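The structure appears right after this line, and notes come after that.
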Amino acid sequence: MPSLPPDANREVPPKAMAAAAFAIADDAPRTSREPQIETLRNRPDFLRAASARRQGTAGFLLQARRRAEAEAAPDLIRVGYTCSKKIGNAVVRNRAKRRLRALVREIMPALGRQGWDYVLVGRPNATVSRDFTALKQDLAEAIARVHAPKAPSGKPAAPKSDVPKPEAAAGPQQGTKP
């Protein structure tokens, strides 16, 4: 049996083990099909999203649009964040954008659609102060409404209720001659 090199019995420090494990995990092919999220940075992308579908919530406004196939990679979800000076000073605006980014990291991989652009617009006194679980629920509901099929009037279709509507009273209708 060949002898081991003199430093083979030496223990590897925990930091080196963690770094090596991270490098191996980072190089490994990803088996899950979690969509990649990219941040919008160009003004024309924000303007195109602003002229598309939108859904307001208590904590923010969600704007969403399907990208044309020639625009960008169809397997990406692109998200933009905007908070105007109405939100507050720079500290408050940055806090609002941090909260929106954290919200997207948690919700978008599961509910966002590939090939779509989303813009989250912060609301004054709401984005920063609203409970984070309520913000998560707001985003989930807003995404569901944005992706709901449109009714013939151009508005998203309302969810159908199992409760039957009351029948109209039998009798002469208005506007008809006897």
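No hydrogens, no waters, no symmetry mates; every other heavy atom, side chains included, goes into these values. What you see is a predicted model, and the numbers here were worked out from it, not measured in a lab.
- Tracing side-chain contacts under 4.5 Å through hydrophobic residues (I, L, V, M, F, W, Y), one reaches F132 starting from L62; they form part of the same cluster.
- In this structure, E141 has no salt bridge (charged side-chain N to carboxylate O under 4.0 Å, His left out) partners at least two apart in sequence or on a different chain.
- When all heavy atoms of A142 and T57 are compared, the closest pair comes out as CB-CG2, 3.8 Å.
- Each of K136, R101, R99 was checked for a salt bridge (Lys or Arg N to Asp or Glu O under 4.0 Å) with E106, and the lone residue meeting it is K136.
- Side-chain contact check for V119 versus V79: every heavy-atom pair is 4.5 Å or farther apart.
- Contact detail for R65 and A52: the closest heavy-atom pair is CB-CB, 3.3 Å.
- The side-chain contact (heavy atoms from CB on, under 4.5 Å) check on P74 picks up nothing, with sequence neighbours excluded.
- Here the closest non-hydrogen pair linking Y118 and A64 is CD2-CB, 3.6 Å.
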Show me, pair by pair, the donor-acceptor contacts under 3.5 angstrom made by side chains of residues 82-89, not counting sequence neighbours?
unit_1, atom_1, unit_2, atom_2, d
S84, OG, K86, N, 3.2
N89, OD1, V91, N, 3.2
N89, OD1, V92, N, 3.1

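- To the nearest 0.5 Å, the span separating NE2 on H147 from CH2 on W116 amounts to 5.0 Å.
- Listed here is the closest heavy atom pair of A126 and G59: CB-CA, 4.1 Å.
- Between atom CZ of residue R123 and atom CZ of residue F60 there is a gap of 9.0 Å, rounded to the nearest 0.5 Å.
- Here the straight-line distance linking atom CD of Q36 with atom CG of D75 works out to 7.5 Å at 0.5 Å rounding.
- Here side chain to side chain donor-acceptor pair (under 3.5 Å) pairs that include residues 124-133, with residues two or more places apart or in two chains, are R130-D138, D131-T133.
- Taking all atoms of both residues into account, the shortest heavy-atom contact from G122 to L100 is N-CD1, 4.2 Å.
- Using a 4.5 Å heavy-atom cutoff, the side chains of Y81 and V104 are in contact.
- Taken to the nearest 0.5 Å, the CD1 atom of I37 stands 10.0 Å off from the CG atom of L76.
- Residue pairs meeting the salt bridge (Lys or Arg N to Asp or Glu O under 4.0 Å) criterion with at least one partner in residues 42-60, sequence neighbours excluded, are D45-R48, D45-R78, R48-E71.
- Linking ILVMFWY side-chain heavy atoms closer than 4.5 Å, directly or via other members, places V128 and V121 in two distinct hydrophobic clusters.
- Note on L103 and V146: same hydrophobic cluster, where clusters join Ile, Leu, Val, Met, Phe, Trp and Tyr whose side-chain heavy atoms are under 4.5 Å apart, directly or indirectly.
- Residues passing the salt bridge (charged side-chain N to carboxylate O under 4.0 Å, His left out) test with R67 are D117, sequence neighbours excluded.
- Residues L120 and L61 fall into different hydrophobic clusters, defined by Ile, Leu, Val, Met, Phe, Trp and Tyr side chains chained together at heavy-atom separations under 4.5 Å.
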